Amino acid sequence: MDANQDQGAKELFQGQAQLYKLMFNHLSSMSLKCAIELGIADIIHSHGQAITLSELMRLLVHSGCFKKTKVNGEEEAYGLTAASTLLIKDKPYCLSPTVSVFVDPFFVAPFQSLSIWFKGTELTLWETVHGITFWEFMNQNPAINQRFNEAMASDSEIMTSFVVKSECKQIFEGLGSLVDVGGGDGSFSRIICEAFPGIKCTVLDLPHVVANLPEADNLKYIAGDMFPFIPPADAFLFKLVFHGLGDEDGLKILKKRREAIASNGERGKVIIIDIVINAEEEEHELTETKFLFDIVLSVNSTGKERTESEWAKLFFDAGFSHYKITPIFGMRSLIEVYP
Ligand SMILES: C[S@@+](CC[C@H](N)C(=O)[O-])C[C@H]1O[C@@H](n2cnc3c(N)ncnc32)[C@H](O)[C@@H]1O
Ligand SMILES: O=c1cc(-c2ccc(O)cc2)oc2c(O)c(O)ccc12
């Protein structure tokens, strides 16, 4: 990649992370609500105007979503930043559908009840509020399922087009087969298949996600559950899948992949694209976005976002011998795991 492309990708991923932060900003106030309902401030203590449009714009400018500028050097106006550029509809990368899913009442509603969940017994807050698990909810609500899958697809498109142009494309070179586990509608694999026609890609996901999707010569879909069965392959890709799994389930999946690699003559690897929390070394705002994601995942699923040492423990406990983390996607990293 040349320096201009590199700069472009950096800006793109910074913009994406910034947009996610804005998308999840309501979690700060919901956490505050929860702290009030649980009486946290009281416990610690006993131990020891309406917004006008211009004010709203001021807030959005302050948060970096838009910038204040001048037209003809005089008139005040609002311009786009890296984040709001990702909201333009007819551009190759548009995150507007993603933002609209994750600020929709069905998604935001559970956060109103954080304190009820803390006092209850359900495994996830999602179940406390919606009565069924996140994936069952998607199965039973086709319109929302479609919007969620489209949001995941736009996330994949941004990332994959970057992967196939950057040095990290070498991790796919020479592969004969790849299973994209929990691969959604296959947007990631579709771009990989086009860039590497020699790779036979299989997307495994739940039936309501992969039903009736068009296959290609080297792109197939399997409707199924990743826990009992994942087909053999030279590489297993998990993009934004482990963050939805607790350590016990994550370990189950990784151990089976380790066994699959052993029965393939120790040939194969696991490729993970996910968040790695690195609060000491990275920018404050990036860590904040990752922490917000952590709340989303621990509320909607049994998962969490992990630090490098938490990831390493999972890999070594599953019997892998080494791994490499490349933090190339703004808030997400590419993790290669080897036997
Ligand atoms: C956050 S989405 C990520 C989708 C895709 N990898 C991407 O990054 O765009 C997680 C995916 O895991 C799938 N999934 C969840 N549980 C699964 C299971 N038990 N077996 C197979 N897929 C599953 C979901 O349907 C969903 O498509
Ligand atoms: O509730 C979620 C949200 C996500 C999610 C949101 C935005 C992205 O760009 C990626 C992922 O992922 C989830 C997930 O993987 C899961 O297992 C349960 C819930 C969610």
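Counting starts at 1 for both ligands and their atoms, in listed order. Computed from a predicted model, the values in this text were never measured in an experiment.
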Polar-atom distance check: [X] versus ligand 1, any N or O pair below 3.5 Å?
| X | value |
| --- | --- |
| M226 | yes |
| G182 | yes |
| N149 | no |
| K239 | yes |

Within a reach of under 6.0 Å around [atom1] of [X], are more than 12 heavy atoms found that belong to other residues, nucleotides or ligands?
| X | atom1 | value |
| --- | --- | --- |
| E248 | CD | no |
| Q146 | CD | no |
| Q170 | CD | yes |
| E281 | CD | no |

Contact with ligand 2 for W126, non-hydrogen, under 4.0 angstrom
no
So is R332 close enough to ligand 2, meaning a heavy atom under 4.0 angstrom away?
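Heavy atoms of R332 do come under 4.0 Å of ligand 2.
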When you measure from [atom] to every protein heavy atom, which one gives the shortest distance, and what is it?
| atom | result |
| --- | --- |
| atom 16 (C) of ligand 2 | W135 CZ2, 3.3 Å |
| atom 3 (C) of ligand 2 | F102 CE2, 3.8 Å |
| atom 15 (O) of ligand 2 | H243 NE2, 2.8 Å |
| atom 9 (O) of ligand 2 | Y20 OH, 2.6 Å |

Please determine whether ring-ring contact (aromatic ring centres under 6.0 Å, His included) holds for the pair F134 and F148, giving the CA-CA distance in whole Å, both sets of side-chain angles, and the decisive distance to 0.1 Å.
CA-CA 11 Å; F134 190 81; F148 179 82; 5.4 Å; yes
Quick note on ligand 1: atoms under 4.0 Å from a heavy atom of D225 include exactly 18 (C), 19 (N), 20 (N)
Which ligand 1 atoms, with their elements, are less than 4.0 angstrom from a heavy-atom of S156?
7 (C), 8 (O), 9 (O)
Heavy atoms only: which of [options] is nearest to [atom]?
| atom | options | result |
| --- | --- | --- |
| atom 2 (S) of ligand 1 | H243, M152, M159 | M152 |
| atom 21 (C) of ligand 1 | P228, G224, S187 | G224 |
| atom 14 (N) of ligand 1 | D205, T133, D180 | D205 |

Side chain, backbone, both or neither: which part of W135 comes within less than 4.0 Å of ligand 1 when only heavy atoms are counted?
side chain
Does ligand 1 have a heavy atom under 4.0 Å from the side chain of V209, from its backbone, from both, or from neither?
side chain
Electrostatic pair R190-E215, nearest N-O below 4.0 angstrom
no
Does the pair W126 and F137 meet the rule for a ring-ring contact (aromatic ring centres under 6.0 Å, His included), with working shown?
CA-CA 9 Å; W126 190 273; F137 181 92; 5.1 Å; yes
Six-ring centre of F242, R257 cation under 6.0 angstrom, axis tolerance 45°
no
Do D205 and N149 have side-chain heavy atoms sitting under 4.5 Å apart?
no
Under 3.5 Å, side chain of E310 to main-chain N/O of T307, donor-acceptor pair present?
yes
Under 4.0 Å from a heavy atom of L240: which atoms of ligand 2 are those, numbered in the order shown and with their elements?
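It comes down to these atoms of ligand 2: 10 (C), 15 (O).
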With salt bridge (charged side-chain N to carboxylate O under 4.0 Å, His left out) as the rule and sequence neighbours excluded, what pairs involving residues 219-242 come up?
D155-K239
Please confirm whether L206 comes under 4.0 Å of ligand 1, counting heavy atoms of the residue only.
yes
